[in-house]
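Before any comments, here is the structure.
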Amino acid sequence: LVVVLMITPVAFSRTSANQKPNRKITIAASNITNLPDGMARFVPDNMFAVDFVDAATGWVAGYYGTILMTKNAGETWSHHSLPFNDIVRRIDFIDAMSGWAVTNRGKILKTADGGMSWNVMYNAEAINFRDVFFINTMEGWVIGHEANILHTIDGGHNWKLQNLENFKGRDLPRLNG
């Protein structure tokens, strides 16, 4: 499965035996359900993250704590906002229920219900997190500015800072997955 994200409208390019390549899917207020006030807030470059666990089930996320989910390959999207306005930089789902997200304001978020609700598992407001990756429901990494690398082996209950060794340079790098 190959997924390419373009900012509003969104175009997914897929290569598989079951699907037509270069299928274009639009994310617009007309095909988003569950909007809290009936309004979709789109601004230029507002989606940063995309993740699909199969050909039909996926999420996109971005500005204003916006997380959209589809169960039908993008024909329709369900809106699930976070209770804060952070930019969701990346999302990573292990399966249709278990997922992670990171924000520009130092939050690591976890869902166990497919993105319907999210729990803050770690909060370090001074860190701009850029990416998240889990190999299973227990072990994963988060990276961010100032060479921050966090690792968990207990499903996000505890995070350990990992050091960037042998780095030579004036400023610590802004790690981006």
Side-chain angles (χ1 to χ4, degrees), residues 1 3-5 7-8 10 27 32 34-36 40-43 45-54 57-71 77-167 169 171-177:
L1 176 66
V3 179
V4 177
L5 175 65
I7 307 304
T8 314
V10 175
I27 298 176
I32 299 173
N34 198 34
L35 291 168
R41 291 172 180 84
F42 285 114
V43 295
D45 300 328
N46 68 335
M47 296 297 179
F48 289 99
V50 61
D51 192 33
F52 275 72
V53 293
D54 57 42
T57 308
W59 298 261
V60 296
Y63 270 96
Y64 303 119
T66 298
I67 297 177
L68 305 176
M69 185 220 191
T70 184
K71 291 183 179 180
W77 295 88
S78 179
H79 185 271
H80 303 284
S81 273
L82 298 173
F84 39 81
N85 287 327
D86 294 20
I87 298 170
V88 180
R89 288 290 185 179
R90 294 289 182 268
I91 51 177
D92 183 42
F93 276 78
I94 301 302
D95 54 43
M97 300 305 285
S98 305
W100 295 86
V102 293
T103 77
N104 69 315
R105 293 186 181 147
K107 292 180 182 72
I108 301 174
L109 310 167
K110 179 180 182 178
T111 183
D113 59 9
M116 300 293 287
S117 64
W118 294 84
N119 295 312
V120 176
M121 302 301 289
Y122 186 87
N123 191 358
E125 289 186 19
I127 301 173
N128 183 346
F129 287 131
R130 303 293 286 191
D131 209 349
V132 56
F133 179 75
F134 271 74
I135 58 173
N136 55 45
T137 59
M138 300 303 285
E139 186 170 13
W141 290 263
V142 168
I143 61 171
H145 288 192
E146 307 306 322
N148 281 287
I149 304 169
L150 296 174
H151 178 237
T152 184
I153 56 172
D154 63 1
H157 295 286
N158 296 288
W159 293 87
K160 182 179 178 187
L161 183 64
Q162 295 184 329
N163 293 320
L164 183 61
E165 296 181 13
N166 299 320
F167 174 75
D171 298 320
L172 289 173
R174 293 180 170 201
L175 298 176
N176 192 6

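Basis for what follows: all heavy atoms, side chains included, without hydrogens, waters or symmetry-related copies. For the single chain, residues carry numbers from 1 onward in sequence order.
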Inter-residue atom distance [X].[atom1] - [Y].[atom2], 0.5 Å rounding:
{"X": "Asn128", "Y": "His145", "atom1": "CG", "atom2": "NE2", "answer": "4.0 Å"}
{"X": "Leu150", "Y": "Lys160", "atom1": "CG", "atom2": "NZ", "answer": "11.5 Å"}
{"X": "Ile143", "Y": "Phe133", "atom1": "CD1", "atom2": "CZ", "answer": "12.0 Å"}
{"X": "Leu82", "Y": "Tyr64", "atom1": "CG", "atom2": "OH", "answer": "14.5 Å"}
{"X": "Ile87", "Y": "Tyr63", "atom1": "CD1", "atom2": "OH", "answer": "4.0 Å"}

List the residues meeting side chain to side chain contact (heavy atoms under 4.5 Å, CB included) with [X], not counting sequence neighbours, and say none if there are none.
{"X": "His157", "result": "Met121, Asp154"}
{"X": "Glu139", "result": "Ile135, Asn136, Trp141, His151, Ile153"}
{"X": "Ile127", "result": "Ala124, Phe129, Asn148"}

Heavy-atom donor-acceptor pair, [X] side chain to [Y] backbone, under 3.5 Å:
{"X": "Asp92", "Y": "Phe134", "answer": "yes"}
{"X": "Thr57", "Y": "Lys71", "answer": "no"}
{"X": "Asp51", "Y": "Phe93", "answer": "yes"}
{"X": "Thr152", "Y": "Asn158", "answer": "yes"}

Minimal non-hydrogen separation, [X] against [Y], with atom names:
{"X": "Thr103", "Y": "Leu109", "value": "CG2-CD1, 4.0 Å"}
{"X": "Ala61", "Y": "Val88", "value": "CB-CG1, 3.5 Å"}
{"X": "Met47", "Y": "Leu68", "value": "CE-CD1, 3.7 Å"}
{"X": "Val53", "Y": "Ile94", "value": "CG1-C, 4.4 Å"}
{"X": "Ala49", "Y": "Arg90", "value": "CB-CA, 3.6 Å"}

Quiz item: Is Asn104 close to Phe48 at the side-chain level, that is, under 4.5 Å between some pair of heavy atoms?
Solution: no
Quiz item: With a 4.5 Å heavy-atom cut-off, do Thr66 and Asn46 have their side chains touching?
Solution: no
Self-check item: Set of residues satisfying side-chain hydrogen bond (donor to acceptor under 3.5 Å, both in side chains) with respect to Trp159, sequence neighbours excluded
Solution: none
Quiz prompt | Set of residues satisfying side-chain hydrogen bond (donor to acceptor under 3.5 Å, both in side chains) with respect to Thr137, sequence neighbours excluded | solution = none
Quiz item: Do Val120 and Phe84 pass the side chain to side chain contact (heavy atoms under 4.5 Å, CB included) test, and can you show the C-alpha distance, the side-chain angles, and the key distance before you say yes or no?
Solution: CA-CA 11 Å; Val120 176; Phe84 39 81; 4.1 Å; yes
Quiz prompt | Pairs flagged by salt bridge (charged side-chain N to carboxylate O under 4.0 Å, His left out) wherever residues 95-109 is involved - sequence neighbours left out | solution = Asp86-Arg105, Asp86-Lys107
Quiz prompt | Trp100 and Val142: CA distance, side-chain angles, deciding distance, side chain to side chain contact (heavy atoms under 4.5 Å, CB included) verdict | solution = CA-CA 10 Å; Trp100 295 86; Val142 168; over 6 Å; no
